[in-house]
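Heavy-atom basis, side chains included; hydrogens, waters and symmetry copies ignored. Numbered from 1 within each chain, the chains take letters A, B, ... in sequence-line order.
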Amino acid sequence: MSKEITITLPDGSQKQAPVGISGLEIANMIGAGLAKAAVAFSVNGEQRDLSDVVSQDADISIFTIESDEGLEIMRHTVAAQVLARAIKNLYPKAKLAIGPTIENGFYYDFLSDERVSIDDLPKIEKEMEKIVSEKSVITKTIHSKKEAIKSFADAKEDYKVKIIEDSEQEDNFQLYNQGDTGFIDLCRGPHLPSLEKVGAFKLTKIAGAYWKGDSQNEMLSRIYGTAWKNEKDLKKYLTLLEEAEKRDHRKLAKEMDLFHLQEEAPGMVFWHAKGWSIYVALQNYIRNKQIANGYKEINTPLVVDRKLWEASGHWDKYRENMFITEIDEEHANEKRVNALKPMNCPCHVQVYNQGLKSYKDLPVRLAEFGSCHRYEASGTMHGLMRVRGFTQDDGHIFCTEDQIESETADFISLLSEIYTELGFESFDIKLSTRPETRVGSDEVWDKAETALENAIKKLDIPYTVEAGDGAFYGPKLDFVLTDAIGREWQCGTFQADFNLPDRLDAEYIGEDGAKHQPVMMHRAILGSFERFIGILIENYSGKLPLWLAPIQLSILTVTEEANEFAMTLKEKFNAINLRVELDDRNEKIGYKIREHSNAKVPLMAVIGKEEMAAGTVSIRNLRENETNTYSIDEAVELLSNDSSPPN
RNA sequence: GCUCAUAUAGCUCAGCGGUAGAGCACUUGCUUGGUAAGUAAGAGGUCACCGGUUCAAGUCCGGUUAUGAGCUCCA
C-alpha cells in the first residue's frame with residue numbers, strides 16, 4: 001500500500017505528497033506566499049475547501065483571489081457568510097433561502113416579516129463590515145441528511161430544510177461555521193478559509209424574487225451586491241455602471257428629442273421627427289440590402305380575422321399575448337372578432353399561397369417591415385427595448401429541405417455584413433435543437449439541424465449548441481451581438497418551421513408533378529426596429545454615425561453679419577440631401593457649440609467673418625472635437641460621400 | 001402578472017398637514033461675441049387620476065393608471 005500520492009499541477013509539474021494532504025498543505029509545498037494567498041483549490045477540476053484532503057493521485061490547482069475562480073469563491077462567501085449573517089443579525093426572524101454568485105457579484109434571497117427597503121442597505125452594509133472585521137475562521141462539518149435537517153429545523157430555517165429534503169443526496173451535507181459565532185450555513189462550497197480574505201464589496205439594489213423562480217411561489221426579498229478583490233476594482237466597476245447609465249437610451253432620447261411614451265398607449269412609441277429620421281434611414285438601408293439579396297418586399301394587414309389565427313394555431317397558443325378587436329354589429333352585418341397581428345408569418349403564407357408555385361420558383365424570399373402588436377405583461381416594458389407595438393425586419397423563405405443549408409449560409413453572411421456595417425464587431429451564434437414536444441418527423445429534424453450546423457461550420461464561425469431549446473416547429477439559430485461596453489443583445493434569428501406550411505396549406509409542384517410542402521424559414525436581422533435603435537443609441541452613446549444622425553450638420557453663426565452667408569451654405573448642403581440645421585440665434589459661439597454637442601449633432605460648421613471673407617467652411621467633429629477648414633466645394637464633396645449609408 | 005419604489009413647471013429635482021420653490025430651458029431687453037453655459041427682467045403648475053381622514057391634504061390613508069429596479073414571461 002502506497003503512502004504517497006502524485007499530484008499534478010497546472011503547469012504539468014508533479015510532486016509526491018503523503019496521502020491525506022490538505023489543500024493548504026499542498027499550497028505550502030509550492031510556496032509560503034501561495035499558501036498565504038490561497039482561497040481554495042480544485043481536485044481534478046472540482047472545487048474544494050483548502051481544509052479538504054486529497055487521498056489519491058490528482059490534478060491540483062490552487063486558487064487565489066487573483067483568479068476568476070478565486071474571485072467567485074470570495075463573492076460566494078460574502079453572500080453566504082457575510083450578507084446572510086448580517087441579515088440574521090439585523091432581522092433575527094428572517095428565513096434564509098439561497099445566496100449564489102452572479103456575474104460581477106452575488107445576491108441573497110430571504111423572507112422577512114419586517115419590510116426591508118433600499119434605505120436599509122447602508123445599515124446592512126455596515127453590519128457586514130463589522131462581521132468581516134472580526135476575521136472569523138470558516139470551518140465546515142459534514143452531516144447526514146437527517147442531521148442536517150435537524151440542525152436547520154432547530155434554527156427555524158425552513159428554506160434550508162426544504163432544500164435538504166428536496167435533495168437526492170443522502171449524506172455529505174456541508175455545514176459551514178463562522179468562528180464561534182454560532183452562525184451556520186448549508187453550502188456546496190467552497191468558501192474562503194477566513195473572512196480576512198474578503199475584498200471590497202457594496203450592496204447595490206433590493207428587489208423581489210420568487211422562491212425557486214416560480215411565479216406560483218411566494219415572493220422573497222433579494223439583496224444584490226457586488227464584490228471585488230480590492231477597492232480599486234470595485235471603484236472601476238461602479239464607474240462602469242455609471243457609464244452604462246449615461247448611455248441609457250431613454251435618457252439620451254429625451255435629450256436628443258427622439259421619441260416619447262405616454263400613459264394612453266403603454267409600450268407604443270410616439271416617434272418625434274428626429275427619432276423617426278433614424279428609423280427611416282435604418283429602414284432604407286435594410287430595404288436596399290434585402291432587395292440586393294433576393295428578397296421581395298411585401299406588406300400585409302394589421303388587423304386579421306380570428307379564423308386565420310385559429311388556422312395558424314396562434315389563437316390556441318398565443319392568444320393571451322394578442323390584442324383582440326371587435327367590429328360593432330351596428331356597423332357590420334355580422335360581429336367579427338379580429339386580432340392585431342402579433343407576427344407576420346401567417347400573412348406571408350397567404351401571399352405565398354396566391355398562385356401555384358413550382359419547384360423552379362423556390363426559394364421564395366418574402367420580406368416585410370411588419371408592424372406587430374403583442375400584449376406584453378405590464379412589468380416587462382422597458383423603453384424601446386421591450387414594447388407592445390413594434391416593427392420587425394421580418395422575412396420568410398419558402399424552400400425545399402435541400403435548400404436550407406445554402407439559404408442559411410446566405411442569411412448568415414448578409415447578417416454578418418449588416419452587423420459589421422452598423423458598428424458591431426462580433427456576434428455569437430446559438431444553435432437550438434429539437435425539444436421533447438415537437439412536430440415533424442425525426443428525419444426532417446435530422447436534415448434541418450444538420451443543414452443549419454453545416455452552414456455555420458462551412459463559414460467557420462464559432463457557435464454553441466443549446467440542445468432541446470428549439471421551438472416545437474423546428475430548429476433555430478439565434479444571433480447575439482456584443483456592444484461597445486461588452487453587453488450582449490440577441491437580435492437576429494433564423495428558424496426552420498415544419499408546422500405552419502402544413503397548417504396553412506403551403507405547397508409547390510415538384511419535378512415529379514406532385515404536390516409537396518415547402519419548409520418555411522422565419523428570419524430577422526435587427527429583430528425589431530424599436531429595440532435595435534435603442535441598442536444603437538446605447539452602443540454609440542447617442543453619437544450615431546453620420547448617415548444615421550437625425551441632424552448631420554449644424555451651421556452655427558458667430559455673428560449676425562454671417563447669417564446670409566450661412567444661409568447660402570445651408571442651401572448648398574440641402575442640395576446634396578444632407579440633414580442640416582442653421583443656428584443663427586443671437587448667442588455666443590461657445591453656447592451654440594455646447595448646445596449642439598449635447599444634442600449629439602456629429603458635425604458643426606462655425607461660420608463667422610473669417611469664413612465669409614475666405615469663402616471657406618470650418619467643420620468641427622463631435623467625436624474627435626477637432627476642427628478642419630475646407631473650401632466650400634471640398635466640404636460639399638466630402639460630406640456627400642461621408643453621409644451616405646454603407647454598402 | 002408579482003414585489004418594492006416613484007409620479008410637483010418643458011427638463012432635473014427640492015418641499016412632506018396651514019392657500020407652490022430652485023437650477024436649466026422658454027419670452028423680452030442689453031450684449032455682435034471665434035470653438036462646451038454673457039447678462040438682466042418676465043412668464044410658466046387642477047402638485048398623475050379617483051375616493052377617504054382632517055377646520056385645513058402635493059404633504060396622511062386606500063384604490064387606479066403609468067414609470068423604474070428586479071422576478072416571472074418572451075411559442
Enquirer: Between A:Glu368 and A:Thr300, do the side chains contain a donor N or O and an acceptor N or O under 3.5 Å apart?
Expert: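 Yes - a donor-acceptor pair under 3.5 Å links their side chains.
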
Enquirer: Considering only the P atoms, how many Å lie between B:U59 and B:C2, rounded to the nearest integer?
Expert: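 One P to the other, the span is 25 Å.
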
Enquirer: Partner of B:U6 by Watson-Crick or G-U wobble geometry, both contacts under 3.5 Å, or none?
Expert: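 Across all strands, the one nucleotide that pairs with B:U6 is B:A66.
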
Enquirer: Mind checking who B:A36 pairs with, Watson-Crick or G-U wobble, both distances under 3.5 Å?
Expert: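 Answer to the pairing question: none, since B:A36 forms no Watson-Crick or G-U pair.
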
Enquirer: List the residues meeting side chain to side chain contact (heavy atoms under 4.5 Å, CB included) with A:Lys307, not counting sequence neighbours, and say none if there are none.
Expert: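 Residues passing side chain to side chain contact (heavy atoms under 4.5 Å, CB included) with A:Lys307: A:Asp305.
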
Enquirer: Is there a side-chain contact (heavy atoms from CB on, under 4.5 Å) between A:Arg438 and A:Asp442 once you walk through the steps?
Expert: CA-CA 10 Å; A:Arg438 57 182 183 264; A:Asp442 282 354; 3.0 Å; yes

Enquirer: What interatomic distance, in whole Å, is found between P of B:A9 and the corresponding atom of B:G15?
Expert: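 Result for the P pair: 15 Å, nearest Å.
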
Enquirer: Do you see a donor-acceptor pair shorter than 3.5 Å between the side chains of A:Asn598 and A:Glu255?
Expert: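 The criterion, which ignores hydrogens and geometry beyond distance, is not satisfied for A:Glu255 and A:Asn598.
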
Enquirer: Please give the distance between the P atoms of B:A40 and B:G68 as a whole number of Å.
Expert: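 B:A40 and B:G68 have their P atoms separated by 38 Å.
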
Enquirer: Which parts of residues 390-399 of chain A get close to RNA chain B, meaning a heavy atom less than 4.0 angstrom away?
Expert: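 Contacts with RNA chain B under 4.0 Å: none.
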
Enquirer: Nearest-nucleotide wise, let me know which of A:Glu561 and A:Tyr375 is further upstream toward the 5' end of RNA chain B.
Expert: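 Result of the comparison: A:Tyr375.
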
Enquirer: If we count only N and O atoms by modelled type, under 3.5 Å, do the side chains of A:Asn625 and A:Arg620 hold a donor and an acceptor together?
Expert: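 Yes - a donor-acceptor pair under 3.5 Å links their side chains.
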
Enquirer: Between B:G52 and B:U12, how far apart are the C1' atoms? Round to whole Å, please.
Expert: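 Taking atom C1' in both B:U12 and B:G52, they lie 33 Å apart.
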
Enquirer: How close or far is atom C1' of B:C4 from atom CD of A:Glu114, stated in whole angstroms?
Expert: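 These atoms are roughly 16 Å apart.
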
Enquirer: Does B:G58 sit syn or anti, given that only angles within 90° of 0 count as syn?
Expert: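 Syn.
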
Enquirer: Judged by atom type as modelled, is there a donor-acceptor pair below 3.5 Å linking the side chain of A:Arg623 to the main-chain atoms of A:Lys543?
Expert: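 Indeed, once roles are kept as given, a pair shorter than 3.5 Å links the two residues.
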
Enquirer: In a table with atom names and distances, give each donor-acceptor pair under 3.5 Å that connects a side chain of residues 266-275 of chain A to protein atoms at least two apart or in another chain.
Expert:
from, atom 1, to, atom 2, distance (Å)
A:His272, ND1, A:Asp257, OD1, 2.7
A:His272, NE2, A:His260, ND1, 2.8

Enquirer: Side chains of A:Ser541 and A:Lys600: donor-acceptor distance under 3.5 Å anywhere?
Expert: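 Note: A:Ser541 and A:Lys600 side chains miss the donor-acceptor criterion.
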
Enquirer: Going 5' to 3' through nucleotides 63-75 of chain B, assign each nucleotide B (protein heavy atom under 4.0 Å from a base atom), S (under 4.0 Å only from sugar-phosphate atoms) or - (no protein heavy atom that close).
Expert: --BSSSSBBBBBB

Enquirer: By the ring pair (Phe, Tyr, Trp, His ring centres under 6.0 Å) test, which pairs, at least two apart or in different chains, include something from residues 100-128 of chain A?
Expert: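 Sorted result for residues 100-128 of chain A: A:Tyr107-A:Tyr224.
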
Enquirer: Say we look at B:U27 and B:G18: how far apart would their C1' atoms be, to the nearest angstrom?
Expert: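 These two C1' atoms come out 34 Å apart once rounded.
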
Enquirer: CZ of A:Arg388 to CD of A:Glu376: how many Å apart, nearest 0.5 Å?
Expert: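 So the CZ of A:Arg388 and the CD of A:Glu376 are separated by 8.0 Å.
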
Enquirer: Rounded to the Å, how far apart are A:His260 NE2 and B:C11 C1'?
Expert: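 A:His260 atom NE2 is separated from B:C11 atom C1' by 15 Å.
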
Enquirer: What class does the angle between the rings of A:Tyr473 and A:His522 fall in, given that below 30° is parallel, 30 to 60° is tilted and above 60° is perpendicular?
Expert: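 Taking A:His522 first and then A:Tyr473, their aromatic rings sit tilted (interplane angle of 30° to 60°).
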
Enquirer: If we ignore angles and hydrogens, is there a donor and acceptor under 3.5 Å between the side chains of A:Lys592 and A:Ser554?
Expert: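 Looking only at side-chain atoms, A:Ser554 and A:Lys592 do not form any donor-acceptor pair under 3.5 Å.
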
Enquirer: Just checking, is any N or O donor in the side chain of A:Gln495 or A:Thr493 under 3.5 Å from an acceptor N or O on the other one?
Expert: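 The criterion, which ignores hydrogens and geometry beyond distance, is satisfied for A:Thr493 and A:Gln495.
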
Enquirer: What's the gap between B:U46 and B:U3 when it is taken at their C1' atoms, as a whole Å value?
Expert: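 Taking atom C1' in both B:U46 and B:U3, they lie 32 Å apart.
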
Enquirer: Please determine whether a side-chain nitrogen or oxygen atom of A:Arg585 lies at a distance below 4.0 Å from atom OP1 or OP2 of B:C26.
Expert: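 Yes, A:Arg585 has a side-chain N/O under 4.0 Å of OP1/OP2 on B:C26.
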
Enquirer: May I ask which nucleotide in the shown strands pairs with B:C71, Watson-Crick or G-U wobble, both distances under 3.5 Å?
Expert: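 Partner of B:C71: B:G1.
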
Enquirer: How far, in whole Å, is B:A7 from B:G58 if one measures between their C1' atoms?
Expert: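 B:G58 and B:A7 have their C1' atoms separated by 10 Å.
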
Enquirer: Please give the nucleotide sitting opposite B:U27 as a Watson-Crick or G-U wobble pair, both distances under 3.5 Å, or none.
Expert: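 By the stated definition (distances under 3.5 Å), B:A41 pairs with B:U27.
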
Enquirer: With rounding to whole Å, what would you report as the distance between B:A22 and B:G44 at their C1' atoms?
Expert: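 Here B:A22 and B:G44 have their C1' atoms 14 Å from each other.
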
Enquirer: Does the structure show a Watson-Crick or G-U wobble partner for B:C13, both distances under 3.5 Å? Name it, or say none.
Expert: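 B:C13 is paired with B:G21.
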
Enquirer: So if I define the base as every atom that isn't primed, P, OP1 or OP2, how would nucleotides 34-44 of chain B read as a B/S/- string at a heavy-atom cutoff under 4.0 Å?
Expert: BBBBS------

